[in-house]
Amino acid sequence: MNVMNWILLIPLLPLAGCLINGLGRNQLSKRTVGVLGSLTIFISFCLSVAVFFETIKPGFSTKVINYFNFIKFENFLVPFNFQVDQLTAVYLLIITGIGFLIHVYSTGYMKEETNEGFGRYFSFLNLFVFSMLLLVLAGNYVIMYMGWEGVSLCSYLLIGFWFKDHANNDAAKKAFVMNRIGDAGFLLAIFWLYASFGTASYQPLYNSENGILTALTTLNTTDAIGISLLFFLGAAAKSAQIPLYTWLPDAMAGPTPVSALIHAATMVTAGIYLVARSNILYTLAPFTLHIIAIIGLATAIFAAIIALKQNDIKKVLAYSTVSQLGYMFLGLGVGAYSAAVFHVMTHAFFKGLLFLAAGSVIHAMSGEQNIYKMGGLSKKLGITYITFFIACLAIAGVPPFSGFFSKDEILSAAFASNPVYYVLGVAGALLTAFYMFRLLSLTFSGKFRGTHEQEHHLHESPPVMTWPLIILAILAVVGGFIGLPEVFGEHANVLGNFLSPIFSHSEHLLVKNTISHNTEIILMSVTAVLSIIVCLWAFNKYKNPSTDGESRKGLAGIIENKFYIDEIYDAVFVNPYRRVAYFFQNIVDVKVIDGVVNGVGRFVNYSSRQMRLLQSGLVGSYLLLMVIGMVILFIIQFFFK
Amino acid sequence: MEIKWYLFLSLALFCIGIIGALTRRNSIIVFMCIELMLNSVNLLLIAFSKMHLAGNNALSYTMATEAQLFVFFIMIVAAAEVSVGLAIIVLMYRNTKSVDINFLNRLKN
Amino acid sequence: MNAIILSAIWGVIMMFGGVIFKKRDTPLYWAIAGVSIILIANVLEFFGHPLLSFDSKDMLHFDKFTLHFNSIALICTLLYFLLSGRDIEKIGMHVSEYFCLIFFVLCGVFISSSFNTLLLFFLGIEIMSIPLYILTGSNKANLKGNEAALKYFLMGAFSTGLMLMGIALIYGGNPQGSFYITNINLGTGDLSPMIAAGLLLIVFSLSFKVSAAPFHFWAPDVYDGAPAVISSFMMTIVKVAGFVAFIRLFSISFGAMHGQWQSLIVIITAATLLIGNITAVFQQSVKRMLAYSSISHAGFMMLAIFALNDTAHEAIILYAAAYSIATIGLFAILIKMKDYSISGFNGLGKTQPLLGFTATIFLLSLAGIPLTAGFTAKFYVLMAALQTGQDVWLVILAVICAVIGVVYYFKVIQAIYFKEPEDNDNQNISVSSGFKLLLLITVGLIILLGILPNIVIDWLYY
Amino acid sequence: MEITKIIFWFLTALALVAAIGVISSKNPIYSVLWLIVVFFAISGHYVLMNAQFLAIVNIIVYAGAIMVLFLFVVMLMNLNADAEPIKNVYMKMAGVISGLTLMIVFVAALSASEQHSTIIRPGTSVGLIENLGRALFNKYVVPFEISSVLFLSAMVGAVVIGKKDPIKRINE
Amino acid sequence: MLGTYFTFPELLLWIPLITGVITLFLKNESQVKRFAFIASLLTLVVSVISLFFTDVAHHPNYFYYNNVSYLWMPYIGSSFSVGLDGMGFLLTFLTALSYPLIIATTFKREFKNAPAFFGLLLLSQAGIMGVFVATDALVFYFFWELALIPLYFLCSRWGAEKRIQATFKFFVYTFTGSLLMLVGILYVYLHTPQVSANSIHSFSISAFYNTVLSYGDQQWLFWLFFVAFAVKIPIWPFHTWQPFVYEQANYPSVMVLSAIMVKMGVFGMIRWLIPIFPEAVFTFNHLVIILSLIGLFYASFIAFVQSDLKRFVAWSSIAHLGLMAASIFVVNTSALQGVMVEMFNHGINILALWIVVDLIENSTGIKKINELGGLATKSPWLAFFLVIIALGNIALPLTNSFVSEFLMFNGIFVFNKWYAFVAIISIILSAGYMLRMVQLVFFGKESGAVENMKSINCSQFWILGILVAGILILGIYPEPVINLTKESVDSILKMVNR
């Protein structure tokens, strides 16, 4: 039995779960729904594991499975096919694995929901997993696009899950529309691919015999730059890069497990997947890579700065996600594709964990999200505290936690490419360490600053919620060891080696400034030490803050208000759009176009009224007009020929 | 005489008739002006009849005869028209005690 | 020939009928019988079996076109008598005389369609006109009727003067010195000024008869002022006969020099279309609106004169039938109404569903909506005009005017179906079932012509 | 100058003056009388052109019958100069101007005609009653008969219009 | 065999025509509805059967089941000829499918003078069918108008307050266009080569395709035809009738108008405009595309701030059709194929959208977007359907519109990158306005106005279910539609590039 024949089941099972939960949401009990939802993902996970083991077999080559022709006429073909290779396998594991954990967690977290809401929630969540799987399994960009938009849709549905509150709906809509900007770029890139190469399937595009490597021999051709930039537009929107990041913090309006799954672990990393998937294309367009690196770095630092002053536990994590995604793009931009994927993985672990733990906190605090209203939770929420702490260490880049290794790989690649990237990257990493420990400190240490009622209510979450935390915490600790730097041995970077077939063509093309092992060790230790110092500083600084937060003046105020980016967007895009729309509706359409149309009608009416006056009822004037007409016609006939 | 004088004479009469029809309001006079127009046509036809006689052969005889008979028919029609026209004018006079063409002005616009 | 003789004879019979017939409705039956007999005689003549034959010294000439038109005119008259005969009785005392005059008009119509000399052309037009002056004023107590009659008479006589001057000039300019229309020598090159002037004057007078701008001024007033039942006859059969005379004279005599005077027709056509349609938009009275619409239809028929080719002949025949039938039908309904204004039609579709429905079909036909005769007629006219290959803008102007036409026709349709009935007397209109049946037959005719125009046109090539 | 020319010009002048008299007389009766003068002048022209039959008919039918009818009607209505209201002077001017323009246009158009210098030839028997009568009852019998229809309709019409209608109807 | 005695196009024409006329004479309202529904089902059955006889390439005898021609006016070379090709099959099927659904939505409604209503509805179906099957210019024109007249009466008689004015505007607009087209048809006709012995010229479509027109003639004839179709579609700036009519008219008519009638314009452009005036098309295509794109944006903008639900749908429809019009004029395989698929997809999407709007307005009596809200709690199934329909409208993958818009955008991209760059922005805008509508109408707190809203009943569930199933199935497996229309696209392109 070849697992490849069953691969279709991996996405179809969640889809089945979605349909059953969705259609039967009023009939099924919460328990059934929860079990069904988790079970389908679990089976998918098992299949993914099987697939993964298939891919690590020696002699494995990329597998393309054709199901049917989605669109076919003349020489235009969009097959519905799946492609399985190492990259897919890694992503499959992340999606189904973390997805499963979060499903399990959700059964506890969403317990308060009504039967209907619970079913709907799991249905959407399953649909999301389906879309995400479709995205990574796709064998061509069109099918990937289906998953791509599918996850946007699920994100939309889940952010606006509590649809009675228009704030949630607005956030959902914002997320969807911003993603659509990226989708537009994605689509254009697909068209460009079809126009230039006649296909959008990976296999014909990226093989070495007759793919684009042979079609585009020089770097930086218009085609390569255009397509890669457009794809990056898609990736930037999905992965919340400057300037399209603002939807992600707002997306925290959804239930916390959703934030963990969609807005931390999986969907937002689809952009990285896209770029990694198209790495050959990007390698052919170094110009685009530079832009990616710059934008990634800028995002990383910018978001980290904003995160410094956020008071909402989820907002901090959200900006942190944006920042981490920036790192991933930095990695991609400097050509360290596998490092980026590695960071995707570790980030999935620790950020998923952070969100789930935050969820646990919020759960315990009965929905309170302001960290200044918390404090001292470590006593009541033991497991949550420990797991949260581990995750903080991981994200702050404290060795030997997973984040350290993945971030380090990116940073060293950045150093190789351009030391300035490295310096800025490290600065960002230190900011990360600072705000994470500020968060940790404010939340868990010190005195409780909330109401009595909340204090009374404080409790550790049920096991269905804590177990996923524990599992993720373990992964966050050990996850880094599959990608140890070369310093620790010839084949220490297991993940890198595993993924190398995917990036082999790029490796050939990229001009790599390798750095010596010594330099690398020095760099590693510098970052590690700095991170630890910052962590300790931040943790202590915020042990006992005032309840109402810090001063909101000056720079701090600006940062707290996220540099007013949303307001600027509103002023620059949304409001003018609305004004133009009203102008079209009330002026152009009514006054101009309809004015002309009605004007013609009025003109006819007016001329009718005027012409009627010729009919004066007097024979004399009739005769006179007749004679005048005669004279005119005579003159025309005789003198104007 | 040259034909042009007859042509111009009858055109002059014709146009005088038209001017009369345009300027007068008494319907009987307007009608008389129209009769004047018809008469100018008659005159012209006779003149043309004589003009076509220039060939002085059987064909030109026929040609000339046709015009003279045409004039005869015009007179017939004119007579019929006059009887009807005057009847209408009298009818109107009976109803309104006026022969002004602008007196009845209900049909307009 | 038969039609002319029989209609004259029948006119005389009806004239004496005024003395003989005692009951008011007798003349109608006689008239219907008369029209039927004339129709049969005409059809027989069409198939080459004339009842009477008479040597006209080639002053009248009968061809397929003429006889076919005569049949159509007779069918329309028959329809007119059947639908509106009762209303002719209501005009006044002299029922039989009215019919007599109508028969004389018919005689003129037939002469106008078959003349072969300018003399008979002139006589035909006059025989058509003079009884109409009377009929227009036949409702003697009605001042509007008086006014209409006076206007019609004075302007008609004026146009007669123009026509005669034109004929005289053509006679003078024609070296052949003949009134035979086949015998007019136009020479080569430019028309001689005399002929050209004469031609223009004849165009003017004929434009007057068919109410083409700028000689249309009489039409709205006269059609409005005359008794509705007479307007119906004048607008349809008489006007169409004017067009037949027009196309006959101009295609036979002056067709060879078409290009020399075509631009004149273009101007007249354009002016007629615009004035007729635009002025109709504002009218509140359906009767007066139809008067203006008849001007606009004259504009469309002028397109055939403009084209003056084989298709134009077909088009005139078809237009004659389509336009006459629809107008006669609509007038038959209009006369039943108490209120001639558009609001008088409010809710007719509810109070009198059949009248509403048939009126709608007639209006649609007049507006030229496909599947009605009005469309095929317009279609042929436009095709004829396009066949000339020049002045396409005129055709486009024509269709734009057709759209304007829709505006006023649909006002009535809107009143019929979409407005609530007012407290008018429409409920009290009593119509016999025979009348309803006839209306339905008329509607059937219109739709038949709309789907199969060939049944009319094919006879031209029989 | 030949005598015919003198007569021609005299008759022409007479006709024109009388025609202007027709349209300018205030009193309708004068107009009628002026018109009769025009008819006589025109008849004179006919005689000049040897169209004796038509000259006679013109006098009998027009001047004799038609104009008498006119005169009769005018007298019957007892119209006089004051009966006609003053027409708008602008309308009058417009009428005169457009009529004159028409005449100028006519003359301008027709003066280019090639026939205009043709000498007309009097002195034949064409205009005599014998010739015309033969043609009328031979070739022109159809129009002749048809004109009877015209007269009949005019007669019927005059009767219909002229007869008193006992029923008064106001609607329409 | 069916085809031996009656061909499919004839059946598709005569069934609605005859049943429509019969319906006019029925009395009882429920009887009328049942009869009309069964009649439309009958048409649907015929249409479905006809879909099994499309494969002319492999079964040449199928041609005779689908094409027929009778002499009509021999002297002017017009025959009553009707025929079906791929595009015809697709659109007749769409028409046949829509009508039963439309009639089914009316079952719970009361209509004044129901026989007239349903009779006219069926007559309009006959007219629309005729447009899609006509293979003779004159027949085409006849049906073009025949489709319009019943709708004129439908929309004027039943609807909101200003319906008469609105419908009249619509009528005058379209009538102007179609009369101009008539002039064009006649002009082309007079230049057609001789086909039969009876007449010099011919109205048959093949004669029209074979007509050699000078470039100068093509240039102005193009516009005569264009205006007729542009008004129907409507292409900016000929659109102002549409929101007005959609707002004022009754729902079944609006459904017919927006689901099917607008396709007549698209169909006309593909069948009658592009192949006849290829050179003019290549002269003016940039202009038309720019107009269409302006319309696309213009409508998207206005839809975003629209407060009236019915007008909102109208504007969204104008936006979609702007894209379709632009795609027609890029004239390449991908775009035309996309338009073909989109014609069908837009048909069912907008139909579904109207049904939802109809349900809302009928239950709540409100059609102001701002006054509604929270319907999702009142009627979760309706919300579910609406979300899918809305997603279909914004061309989300796995819904039908994705396929067609993908192909259309691709076609535009092949034609000119920059147009595609501009056009693609519309998918962002469409998401914006659609989601705004969904949010304001369905989400949020329940407004007091929606008290009476009930969950949808069984028949409504099935109507919407069928449509939504169609949306999803065609989104995943669009092959049947593409295969059906492939040949048509090829033949059109062959004609254009001759």
Side-chain angles (χ1 to χ4, degrees), chain B residues 3 6-7 10-11 14 17-18 21 27 30-31 33-38 40-49 51-53 55 59-60 62-64 66-67 69-71 73-74 76-78 80-85 87-89 91-92 94-96 99 101 103-109, chain C residues 117-120 122-123 125-127 129-131 133-134 136-137 140-169 171-180 194 197 220-225 279 282-284 288 291:
Chain B
I3 185 71
Y6 280 106
L7 182 60
S10 74
L11 283 180
F14 189 75
I18 287 178
S27 49
V30 171
F31 190 24
C33 291
I34 290 166
E35 288 301 323
L36 184 60
M37 287 162 66
L38 295 188
S40 75
V41 173
N42 288 352
L43 176 62
L44 186 59
L45 272 170
I46 301 287
F48 281 141
S49 145
M51 179 189 82
H52 281 307
L53 208 55
L59 180 65
S60 54
T62 331
M63 284 154 64
E66 290 208 358
L69 281 175
F70 203 109
V71 172
F73 281 104
I74 292 177
I76 291 173
V77 170
E81 228 167 44
V82 166
S83 67
V84 170
I88 290 171
I89 292 171
L91 173 67
M92 174 180 149
R94 274 212 306 245
N95 281 333
T96 65
V99 288
I101 50 171
F103 187 82
L104 277 179
N105 190 17
R106 300 171 168 220
L107 297 164
K108 59 180 170 187
N109 296 336
Chain C
T117 81
L118 289 173
L119 175 58
L120 276 172
F122 163 64
L123 282 179
I125 296 281
E126 284 304 310
I127 293 176
S129 304
I130 288 179
Y133 300 149
I134 311 287
T136 305
K140 284 177 279 180
N142 185 354
L143 285 183
K144 278 189 177 181
N146 289 171
E147 182 188 351
L150 183 69
K151 281 179 177 171
Y152 191 24
F153 169 72
L154 283 179
M155 297 174 80
F158 185 83
S159 91
T160 304
L162 296 182
M163 177 192 288
L164 288 172
M165 186 48 117
I167 290 173
L169 286 173
Y171 171 77
N174 179 11
Q176 237 80 344
S178 166
F179 289 105
Y180 281 94
M194 203 102 93
D221 293 359
V222 171
Y223 293 153
D224 193 9
T279 320
F282 210 75
Q283 299 305 321
Q284 300 304 317
R288 199 166 173 84

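So you know, we letter chains A, B, ... as the sequences are listed, proteins then strands, and number each from 1.
- Counting heavy-atom pairs closer than 4.5 Å to chain C, the top residue among B:Met92, B:Glu35, B:Met37, B:Glu81 is B:Glu81.
- One finds the OG1 atom of C:Thr160 at 7.5 Å from the CG atom of B:Leu38 (value rounded to the nearest 0.5 Å).
- At a 4.5 Å heavy-atom cutoff, the contact between B:Leu45 and chain C is made by backbone and side-chain atoms alike.
- In this structure, the portions of B:Ile74 lying under 4.5 Å from any heavy atom of chain C include both its backbone and its side chain.
- Separating the CG atom in B:Asn95 from the CG atom in C:Asn142 is a distance of 9.0 Å, to the nearest 0.5 Å.
- When heavy atoms are compared at a cutoff of 4.5 Å, B:Ser10 approaches chain C by way of both its backbone and its side chain.
- Applying the salt bridge (charged side-chain N to carboxylate O under 4.0 Å, His left out) criterion to B:Glu66, with sequence neighbours excluded, gives D:Lys139.
- Contacts between C:Gln176 and chain B at a heavy-atom distance below 4.5 Å involve the backbone alone (N, CA, C, O).
- In this structure, the portion of C:Phe122 lying under 4.5 Å from any heavy atom of chain B is its side chain and not its backbone.
- Listed by chain and number, the residues in a salt bridge (charged side-chain N to carboxylate O under 4.0 Å, His left out) with C:Glu147 are C:Lys151 (sequence neighbours excluded).
- When heavy atoms are compared at a cutoff of 4.5 Å, C:Ile127 does not approach chain B at all.
- Within the 4.5 Å cutoff, no side-chain heavy atoms of B:Leu107 are placed close to those of C:Val222.
- Centroid-to-centroid, the aromatic rings of B:Phe70 and C:Phe179 come within less than 6.0 Å.
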